Amino acid sequence: MPCPDLGALRASLDDDAAGTPAPPHDHVHACASCADTLAELQRNAELAAPAIALTAPDVPPSPAAVQAALTRFEQRRARVAAATPAPVATAPAAVPDPIPLPRRGRVARLGARARGVAAGLVAALVLAGLLVTPGGRAAAAGFLAQFRSQRFEVVSVDPAQSTQVADVVGGLVKTGVFTGDALQASGLGEPEVVAVPAVDPAVLPSGVGHTPERVLVSPAREARITFDRDRALAYLRNHGRPAAQLPERYDGTQLVVRVPAAVVQQFAGRDGGPALLVGKAGTLGLTTEGGASLDELREVVLGLPGLPAETVAQLRSIQDWRTTLPLPVPTDQVRSRPATVHGAEALSFADQTGRLHALLWQRDGHIWGVAGVLGSDEAQDVADSLG
């Protein structure tokens, strides 16, 4: 009989779970190719449940919470639509693509979900970069004097601490202490060129395609978050700090996050699904504009009531915080350990099943990352193959 398609093979796994024999099994036992494909599908199926569970909330939202969120979304969309000026017809200007891409494989701009994948892969893959225009370089020089990530440090958080942090952040946004929308970040003109890292096919794990199935590209961007002093004082006094004081000059200070050009190559497995991600981007940069310095605004944030004392202590223990990017790692979901790539300090990550592995490091002014359904040695081989 002819080889069944991927859908039939995947359905056979579901049939097995239901306790009923799957029709393709007789063929699979006699066909080495289909047996390999079925094993790959089984492996991905085992990974799907814990991977999806990482994105699920601890407690499902109530119908009232869902409706309230939908109402806020509609209100926000209406405000954005009202504030957006009508487009003016102009002759399109020829703008060269700042990121050289390989000729093979599909190229797509990063959508919201893809941006999440890239950020998870390289931790700060969608953070700050440099500009190539003279004015941009001058602005970046002053900005980078405040913060530029050169190394990483793990900040371990358990589920309770994650919930506490989420509650505090949610309260700050809800009360208007911080306002702004990173998803509406404005472009920064011509971003730093980020070449696609060349991956040696010889080091790719068995079953992974030798050329990228997709290349995901994110342009340089800027996000601004505005601090409201009066609302911050009200928040502090409503949360047990009646004597809280903040200088008037803090009001209206903007926290500026610069987002660099980034590229992520996605390699497919036998079933066509993503099996390996290889990414490269500029480094994170952060500054403030207004009456409060970055150091002063950091002190305000670390002093907020409700933040876990253990998390604050870990952040305060970072000696050179102006060059160290803290990476929150959920201890119940991810294991981390130090590693090296080409002599550079790196972090190695693995999920609790030991099937998902990632490496993250900085070198030559860039953040690099490798992640996928592969072993730690395989991830190391891929990382070491990058120039």
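Because the structure is predicted, anything quoted here is derived from the model rather than measured. Heavy atoms only: backbone and side chains are in, while hydrogens, waters and symmetry mates are out. Numbering of residues begins at 1 and proceeds along the displayed sequence.
Nearest heavy atom pair, residue Ala268 against residue Ala275, reads C-CB, 4.1 Å. Here the shortest heavy-atom pairing between Val155 and Pro326 reads CG2-CB, 3.7 Å. Pairing each heavy atom of Ser317 with each of Glu153, the nearest pair is OG-OE2, 4.5 Å. Taking each heavy atom of Gly290 and Thr253 in turn, the nearest pair found is C-OG1, 3.9 Å. In terms of heavy-atom proximity, Gly176 sits nearest to Thr179 at O-CG2, 3.8 Å. Of all the heavy atoms in Val278 and Leu386, the pair that sits closest is CG1-CD1, 3.9 Å.
With a 4.5 Å cut-off on side-chain heavy atoms, Leu327 and Leu360 count as touching. Annotation: side chain of Arg322 is in contact with side chain of Asp295 (closest heavy-atom distance under 4.5 Å). Gln333 is not listed as a side-chain neighbour of Ser162, based on a closest heavy-atom distance of 4.5 Å or more. With contacts defined as side-chain heavy-atom distances shorter than 4.5 Å, the pair Val341/Trp368 does not qualify.
Between the side chain of Ser336 and the main chain of Phe349, no donor-acceptor pair closer than 3.5 Å is present. Side chain of Asp351 to backbone of Arg355: a donor-acceptor contact under 3.5 angstrom is found. In this structure, His357 contributes its side chain and Val373 its backbone to no donor-acceptor pair below 3.5 Å. Remark: side-chain polar atoms of Glu310 are not paired, donor with acceptor, to backbone N or O of Val157 under 3.5 angstrom. Proximity of a side-chain donor or acceptor of Ser348 to a complementary backbone N or O of Ala339 within less than 3.5 Å is not detected. At least one donor-acceptor pair closer than 3.5 Å links the side chain of Arg237 to the backbone N or O of Ala244. Put simply, the side chain of Arg224 never gets that close to the backbone of Gly180: no donor and acceptor are under 3.5 Å apart. Side-chain atoms of Gln266 never come within 3.5 Å of backbone atoms of Leu216 as a donor-acceptor pair (strictly under, hydrogens ignored).
For the atom pair OG (Ser385) and NE2 (His342), the distance works out to 7.0 Å, reported to the nearest 0.5 Å. Atom OG of Ser206 and atom CZ of Arg270 lie 4.5 Å apart (nearest 0.5 Å). Note: Arg335 CZ to Ser376 OG = 9.5 Å, rounded to the nearest 0.5 Å. Note: Arg151 CZ to Leu325 CG = 10.5 Å, rounded to the nearest 0.5 Å. Distance CD/Gln245 to CG/Leu236: 10.0 Å, rounded to 0.5 Å. Note that CZ of Arg214 is 10.5 Å distant from CG of Leu277, once rounded to the nearest 0.5 Å.
In this view, Arg316 and Glu299 satisfy the salt bridge (Lys or Arg N to Asp or Glu O under 4.0 Å) rule, not counting sequence neighbours. For the salt bridge (Lys or Arg N to Asp or Glu O under 4.0 Å) test, residues two or more places apart in sequence or in another chain that qualify with Glu296 are Arg249. Glu345 pairs by the salt bridge (Lys or Arg N to Asp or Glu O under 4.0 Å) definition with nothing, not counting sequence neighbours. The side-chain contact (heavy atoms from CB on, under 4.5 Å) check on Asp230 picks up Asp228, with sequence neighbours excluded.
Pairs engaging residues 62-71 under the salt bridge (Lys or Arg N to Asp or Glu O under 4.0 Å) rule: none recorded [sequence neighbours left out]. Annotation: ring pair (Phe, Tyr, Trp, His ring centres under 6.0 Å) contacts involving residues 220-268, sequence neighbours excluded, comprise Phe178-Phe227, Tyr235-His239.
Tested against His210, the residues Leu204, Asp200, Val199 include a single side-chain contact (heavy atoms from CB on, under 4.5 Å) partner, Leu204.
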Can you check side chain to side chain contact (heavy atoms under 4.5 Å, CB included) on Leu246 and Arg229, steps first, answer last?
CA-CA 7 Å; Leu246 292 172; Arg229 169 187 174 268; 4.2 Å; yes
